[in-house]
There are 2 protein chains.
Amino acid sequence: MTNIKKVSELAGVSTATVSRTLKSPEQVTAATREKVMQAVKQAGYRPNWLASSVKSGKSNSIVVLVPNLTNPFFLRIIGGIEQAAQEKGYSVLLGDTQGDSRREHEYAGMVLSNRADGLIQLDHSFPFAPQDAELADNIPMVSVCERIEGERKYPVIELDNYAASRALAHHLVGYGHQKFAAIVGQISSQIYRERLAGIRSVLQEENLPLPDEMLAGGSYSIESGIEGVRQLLKQPVRPTAIFCFNDDIAIGAIHEIKKHGLRVPEDISVVGFDNIKVSAFMDPPLTTVDQPAYDMGRRAVEVLVSQIRKEPLTRSKEVLPFQLIERESSGPAPQ
Amino acid sequence: MTNIKKVSELAGVSTATVSRTLKSPEQVTAATREKVMQAVKQAGYRPNWLASSVKSGKSNSIVVLVPNLTNPFFLRIIGGIEQAAQEKGYSVLLGDTQGDSRREHEYAGMVLSNRADGLIQLDHSFPFAPQDAELADNIPMVSVCERIEGERKYPVIELDNYAASRALAHHLVGYGHQKFAAIVGQISSQIYRERLAGIRSVLQEENLPLPDEMLAGGSYSIESGIEGVRQLLKQPVRPTAIFCFNDDIAIGAIHEIKKHGLRVPEDISVVGFDNIKVSAFMDPPLTTVDQPAYDMGRRAVEVLVSQIRKEPLTRSKEVLPFQLIERESSGPAPQ
DNA sequence: ATTTCAAATGTAATCGATTACAGTAAATTC
DNA sequence: GAATTTACTGTAATCGATTACATTTGAAAT
């Protein structure tokens with residue numbers, strides 16, 4: 001291993017001078033700078049990042065906890081995180097938790113042991129183990145999309161799920177639909193509650209029902225969409241419009257609806273949530289709500305880094321704008 | 001910050017004893033162990049990972065270079081990498097390069113500066129900057145799917161792209177197709193050459209043409225599929241079967257074919273490559289080649305870690321099995 | 001030529017944990 | 001009871017870089 005000592009000997013200077021040449025060259029004479037750089041080059045020297053980090057006490061890394069790597073929506077968020085992190089000189093440690101709390105604890109522990117400086121949570125759980133909860137009290141942490149449960153409030157970057165759901169509901173009500181159903185995602189989440197509340201609020205204003213037997217699903221997956229439609233079509237009354245709580249669910253739902261010989265949107269309108277890439281290229285292209293996933297990721301890093309730097313927090317909650325994307329999976333209610 | 005010194009004072013022992021209690025408890029009396037553990041708990045102590053790492057010279061991290069985070073296929077590979085890495089006690093640093101060589105250099109540099117112990121490259125380029133090439137000579141590195149360019153041969157985990165393409169070609173030839181086209185991915189890659197060669201070999205055996213004007217595309221994206229179909233349909237002869245070099249391309253292609261009022265597979269058969277999740281739920285479901293992406297990721301980590309541990313390498317190339325998935329996007333050639 | 005001051009460089013402490021080596025206490029053997 | 005071995009624990013060196021402080025160098029001022 002070529003270390004700073006070897007370089008200093010090669011250049012005939014002290015290690016301090018080598019370090020200064022690399023970190024703050026203006027403190028060093030042009031002549032010695034020259035000598036040192038020569039030696040650095042000759043030795044093929046790279047400062048040992050681990051060593052610098054122990055000294056500074058900062059790892060310049062952040063952990064990102066993802067419940068599910070196969071969801072393309074998370075990917076866009078992570079893309080934004082990656083980009084912003086790199087710009088700010090941080091690297092990203094990926095933590096695929098599969099929703100398993102043991103894994104969450106393990107990854108969250110990285111921040112406690114100085115392996116990372118902060119944490120971005122894409123799921124809704126408080127990721128630290130119970131015995132670490134107290135230690136975790138001053139840990140920089142941000143949640144994206146979801147909100148971290150517990151008494152302490154961490155900054156959130158989120159969408160106005162309530163308003164977005166209302167927009168979708170208005171869109172469908174405007175088409176004259178009266179028989180609604182929903183295939184929801186994970187029930188324990190904040191998102192679930194807000195989206196459902198948004199839909200309910202519009203339907204109530206219009207005096208339209210959303211009975212319990214018209215709710216299906218339980219996870220944010222294609223399979224959940226398929227299973228959801230199977231259940232819904234067993235009911236005595238067939239819905240004419242289905243709210244899917246994300247695009248994956250909608251993809252599964254449309255697939256299954258067609259399998260039953262029904263048409264989208266002529267027989268049943270389907271709307272999704274997230275606007276993942278393929279949604280625009282489905283048949284029919286999916287009506288959905290666009291979330292600025294990439295920007296959410298970027299913003300999360302900015303907020304996290306300012307927490308790490310102990311800058312005062314301006315807002316503890318940022319709501320990013322959504323956009324209703326009307327495509328062809330939704331249309332007028334059948335007669 | 002609670003460090004080992006504080007704990008040692010609390011427990012009334014030396015730092016060495018504290019360290020031993022945590023790392024090799026059998027070397028410590030039950031009584032002192034008790035005292036120390038008590039103090040550890042009381043202080044809320046966690047060993048500083050950075051400090052341990054400087055000492056050992058190992059970061060227990062690996063960097064993964066991904067050209068494109070939005071491709072769900074890469075995600076499955078990364079999922080496998082993540083899983084295997086965690087089992088082996090490594091953490092994963094994510095490097096989204098966007099195919100930009102400056103970024104590649106930067107991420108690859110992490111291994112040179114001890115920020116990571118090894119590197120997995122999902123793209124085909126040699127990721128180190130030219131001036132670092134010599135230093136990089138002994139760096140543990142593995143490529144997945146693609147092969148890293150350059151004279152030195154790094155271990156590869158890949159698919160038999162040649163055989164897989166032949167399987168697809170046979171499948172289509174078996175349906176009686178005679179007018180073929182292909183929408184290819186990035187032309188600079190090994191994959192491109194092998195897949196094309198596989199297709200060509202079958203067509204030649206059957207005396208069927210694949211003229212240059214029937215080749216389109218240039219990147220692994222939905223857009224490339226759309227643009228490719230546009231180009232192909234401008235040609236005087238319309239193909240009856242299109243090889244798409246991945247599923248994203250195929251999704252774009254099918255979308256665009258339908259837009260032109262043509263049917264898949266009645267007018268044009270389309271086949272893809274990768275078997276990403278949504279492929280099964282498209283309309284029509286996509287005929288494609290399944291790659292064991294998850295296992296490829298796992299295997300890559302295993303090979304990388306044994307390189308890091310300087311274990312002798314058994315094979316420098318591992319070819320994993322593919323599977324032809326016949327769905328409804330391919331069918332008999334039209335009359 | 002001497003003094004003064006700033007700039008450049010070197011020495012050594014430091015970050016936090018690990019570990020070779022040394023020292024001490026307890027247990028075993030004769 | 002003395003000698004020897006074994007088991008624990010402590011002291012201090014170490015990993016590689018950074019940096020406070022001390023020292024040297026050289027230029028400017030008198």
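No hydrogens, no waters, no symmetry mates; every other heavy atom, side chains included, goes into these values. All chains are named by letter (A, B, ...) in the order of the sequence lines, taking the proteins before the strands, and each is independently numbered beginning at 1.
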Side-chain contact check for A:Arg20: nearest option of D:dA20, D:dA17, D:dG10 is D:dA20
- For A:Ser53, answer base if it contacts any base atom (sugar-phosphate contacts may also be present), sugar-phosphate if it contacts only those atoms, and nothing otherwise; contact means non-hydrogen atoms under 4.0 Å. nothing
Note: A:Leu304 and A:Gly118 closest approach over all heavy atoms is CD2-C, 3.9 Å
Between CD of A:Glu26 and C1' of C:dA6 the distance, given in whole Å, is 16 Å
Are any of the side-chain nitrogens in A:Arg298 or A:Glu87 under 4.0 Å away from the carboxylate oxygens of its partner? yes
For B:Arg103 and B:Asp96, the nearest pair of non-hydrogen atoms, with its separation, is NH1-O, 2.9 Å
From NZ of B:Lys6 across to P of C:dG16 the rounded distance in Å is 9 Å
Between NZ of A:Lys55 and P of C:dC15 the distance, given in whole Å, is 7 Å
_Would you say B:Ser19 places a side-chain N or O within less than 4.0 Å of OP1 or OP2 belonging to C:dT18?_
yes
Practice item. Describe the nucleic acid contact of A:Val13 in one word from base, sugar-phosphate, nothing, applying a heavy-atom distance below 4.0 Å. Key: sugar-phosphate
Result for 5'-nearest mapping on DNA chain C, choosing between A:Val54 and B:Ala16, is A:Val54
Separation of C:dT18 atom P from B:Lys58 atom NZ, nearest Å, is 17 Å
note: B:Gln27, atom CD; D:dT6, atom P; distance rounded to Å ~ 16 Å
Carboxylate-amine/guanidinium proximity below 4.0 Å for B:Asp132 and A:Arg46:
yes
side-chain N/O A:Thr17 vs C:dG10 OP1/OP2, d < 4.0 Å: yes
- Item | Phosphate OP1/OP2 of D:dG16: any A:Asn3 side-chain N/O under 4.0 Å | yes
Between B:Ser52 and C:dA17, is there a side-chain N or O to OP1/OP2 distance below 4.0 Å? no
If we ignore angles and hydrogens, is there a donor and acceptor under 3.5 Å between the side chains of A:Ser91 and B:Arg115?
-> yes
Touch class at under 4.0 angstrom, heavy-atom based, for B:Arg33 against every strand present: nothing
When rounded to whole Å, the CD1 to P distance for the pair B:Ile4 and C:dC15 reads 14 Å
_Under 4.0 Å, counting only non-hydrogen atoms across every strand here, what does B:Val28 touch: a base, just sugar-phosphate, or nothing?_
sugar-phosphate
Is A:Ser56 touching bases, backbone alone, or none of the nucleic acid, heavy atoms closer than 4.0 Å? nothing
Against the side chain of A:Ala51, the closest entry in D:dT19, D:dT9, D:dG16 is D:dG16
Rounded to whole Å, the CG-P distance (B:Leu50 to D:dT14) equals 22 Å
Which of D:dC8, D:dG10, C:dG10 is nearest the side chain of B:Thr29? It is D:dC8
Any donor-acceptor pair under 3.5 Å joining the side chain of A:Arg46 to the base of D:dG16? no
side-chain contact (heavy atoms from CB on, under 4.5 Å) test vs B:Leu119 passes for just one of B:Leu93, B:Ile62, B:Leu65, B:Leu112, namely B:Leu65
Would you say a side-chain N or O of B:Tyr45 is under 4.0 Å from OP1 or OP2 of C:dG16? no
Whole-Å distance, A:Asn114 CG to C:dA17 P, equals 8 Å
